[in-house]
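Basis for what follows: all heavy atoms, side chains included, without hydrogens, waters or symmetry-related copies. Along the sequence shown, the residues carry numbers beginning at 1.
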Amino acid sequence: MDNKMTIKSTKLIVCSFLAITLGVFGPLELYLTNINEFWFSIKDICWIVLLGGVFIFLASYLPGLVLKGKTRELYLCLLFGLGLGFYLQGNFINADYNVLNGESIDWSAYTGVATVNTLFWLLCLAIPFIIRYVASDQWKNIIKYTSVVIIITQIVTLCVLGITTDFSKREDKNDFYLTTEGQFSLSKKQNIVIFILDTFDSMYFKELLKEYPDLETSFSDFTYYPDTVCGATRTTVAV
């Protein structure tokens with residue numbers, strides 16, 4: 001009876017660990033630490049996050065109901081390994097792929113990162129199976145209480161982020177909206193019109209002038225600053 005209760009509680013907690021880590025903590029932590037990068041409020045995603053967490057929990061918990069004996073134990077080891085891998089990957093070993101601005105990533109430059117990451121995941125998946133083999137009497141408690149500790153850590157982290165994040169800045173952005181009203185209303189003499197082209201470096205324009213010299217005539221009434229750099233991760237900062 002004790003063993004059945006232990007395996008049931010272990011399954012419940014390990015499935016919760018995976019669901020919270022992947023479906024709840026991951027998205028919310030990403031949003032709260034990069035709140036100025038998003039155009040929507042946390043209210044818009046809370047229900048999606050909760051549904052995602054519930055779905056992952058059910059998708060991992062229900063198969064465990066039909067598994068028995070050793071197969072169920074191996075399944076729990078797999079779930080814990082996945083949860084551990086997602087937690088460590090998301091918090092400690094993310095690779096720097098520079099600014100994700102839509103340009104193609106040179107994946108060949110990340111061969112070493114991919115190799116290390118693959119070995120890391122193999123280790124995370126192997127750890128619970130090793131624990132089960134080495135500590136056959138205590139492995140359930142080990143992965144169960146480890147899951148509890150990480151779950152509590154994630155909940156505390158989200159609470160701290162929720163308290164320290166300035167949501168007013170995010171709400172202020174909701175006052176802005178796209179409109180065509182007055183877009184061609186200009187004064188006859190007092191105008192300064194600035195064209196800012198995203199990810200269009202000055203060197204690209206220099207190459208265009210070399211290839212198509214007539215462009216200079218087309219922009220004869222413009223002032224061109226070839227030695228100006230407006231580099232930033234977002235258009236707002238570049239301006």
Side-chain angles (χ1 to χ4, degrees), residues 2-34 38 42-95 97 113-162 165:
D2 290 341
N3 185 57
K4 283 186 177 181
M5 291 298 295
T6 301
I7 200 72
K8 284 183 178 180
S9 62
T10 302
K11 180 175 62 175
L12 180 65
I13 292 173
V14 169
C15 290
S16 299
F17 169 43
L18 178 61
I20 291 173
T21 300
L22 184 59
V24 179
F25 178 78
L28 290 181
E29 191 264 348
L30 177 66
Y31 179 86
L32 292 173
T33 53
N34 300 276
F38 299 102
I42 194 170
K43 300 174 185 177
D44 297 325
I45 63 170
C46 275
W47 68 274
I48 300 175
V49 169
L50 291 176
L51 283 180
V54 171
F55 176 79
I56 295 172
F57 175 81
L58 293 176
S60 57
Y61 185 83
L62 294 179
L65 296 178
V66 298
L67 299 176
K68 303 294 180 183
K70 184 178 179 180
T71 305
R72 180 171 55 185
E73 293 181 356
L74 296 176
Y75 179 67
L76 287 180
C77 289
L78 175 62
L79 293 181
F80 178 80
L82 287 172
L84 183 65
F86 283 123
Y87 174 72
L88 295 177
Q89 175 85 69
N91 290 277
F92 303 106
I93 62 167
N94 276 331
Y97 296 106
V113 174
T115 301
V116 172
N117 211 55
T118 301
L119 293 174
F120 158 79
W121 269 97
L122 291 175
L123 178 62
C124 286
L125 293 174
I127 284 176
F129 293 95
I130 295 173
I131 293 175
R132 179 179 176 274
Y133 179 78
V134 174
S136 57
D137 295 332
Q138 296 297 322
W139 73 273
K140 298 184 190 71
N141 287 330
I142 292 173
I143 67 172
K144 178 170 67 175
Y145 291 121
T146 302
S147 298
V148 170
V149 169
I150 298 178
I151 288 172
I152 293 174
T153 300
Q154 292 180 117
I155 292 174
V156 171
T157 300
L158 287 179
C159 290
V160 172
L161 286 174
T165 300

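- One distance of note links CG of D44 with CH2 of W47; it measures 10.0 Å at 0.5 Å rounding.
- Nearest heavy-atom pair across P27 and V49 is CB-CG2, 4.0 Å.
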> Does the pair W139 and F129 meet the rule for a ring pair (Phe, Tyr, Trp, His ring centres under 6.0 Å), with working shown?
Replying inline: CA-CA 9 Å; W139 73 273; F129 293 95; 9.0 Å; no
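- The distance from the OH atom of Y31 to the SG atom of C46 is 9.0 Å, given to the nearest 0.5 Å.
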> Given the rule in the side chain to side chain contact (heavy atoms under 4.5 Å, CB included) test, do I42 and L32 qualify, once you have shown the distances and angles that lead to the verdict?
Replying inline: CA-CA 8 Å; I42 194 170; L32 292 173; 3.9 Å; yes
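- The line from NZ of K140 to CZ of F80 is 14.5 Å long, rounded to the nearest 0.5 Å.
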>> Assess the residue pair V156 and I152 against the criterion (side chain to side chain contact (heavy atoms under 4.5 Å, CB included)); give the C-alpha distance rounded to whole Å, side-chain angles, the decisive distance to 0.1 Å, and a yes or no.
In response: CA-CA 6 Å; V156 171; I152 293 174; 4.2 Å; yes
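- Here the closest heavy-atom approach between residue T153 and residue V149 is recorded as OG1-O, 2.8 Å.
- Taken to the nearest 0.5 Å, the CZ atom of F120 stands 9.0 Å off from the CG atom of L125.
- If you take SG on C15 and CG on L76, they are separated by 7.0 Å, rounding to the nearest 0.5 Å.
- The shortest side-chain heavy-atom distance between I150 and L84 falls under the 4.5 Å cut-off.
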Name every donor-acceptor pair, under 3.5 Å, that has one atom in a side chain of residues 59-66 and the other anywhere in the protein, sequence neighbours excluded.
from	atom 1	to	atom 2	distance (Å)
S60	OG	I56	O	2.9
S60	OG	F57	O	3.0

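- I127 has its side chain within reach of I131: a pair of non-hydrogen atoms, C-beta onward, lies under 4.5 Å apart.
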> Hey, mind stepping through Q89 and W121 against side chain to side chain contact (heavy atoms under 4.5 Å, CB included) and telling me if it holds?
Replying inline: CA-CA 9 Å; Q89 175 85 69; W121 269 97; 2.8 Å; yes
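- Heavy-atom minimum distance, I142 versus A135: CD1-CB, 4.3 Å.
- For the pair C124/L88, a side-chain contact is recorded, criterion being any heavy-atom separation below 4.5 Å from C-beta on.
- Under the 4.5 Å side-chain criterion, counting only non-hydrogen atoms from C-beta, L18 is not in contact with V14.
- Sequence neighbours left out, the pairs with a member in residues 122-137 that pass salt bridge (Lys or Arg N to Asp or Glu O under 4.0 Å) are E73-R132.
- The backbone N or O of V113 sits nowhere less than 3.5 Å from a side-chain atom of N117 that would complete a donor-acceptor pair.
- A distance of 10.0 Å separates CZ of R72 from OG1 of T10, quoted to the nearest 0.5 Å.
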>> Under the criterion side chain to side chain contact (heavy atoms under 4.5 Å, CB included), I'd like the reasoning laid out for L123 against L119: C-alpha separation, chi angles, the key distance, then a yes or no.
In response: CA-CA 6 Å; L123 178 62; L119 293 174; over 6 Å; no
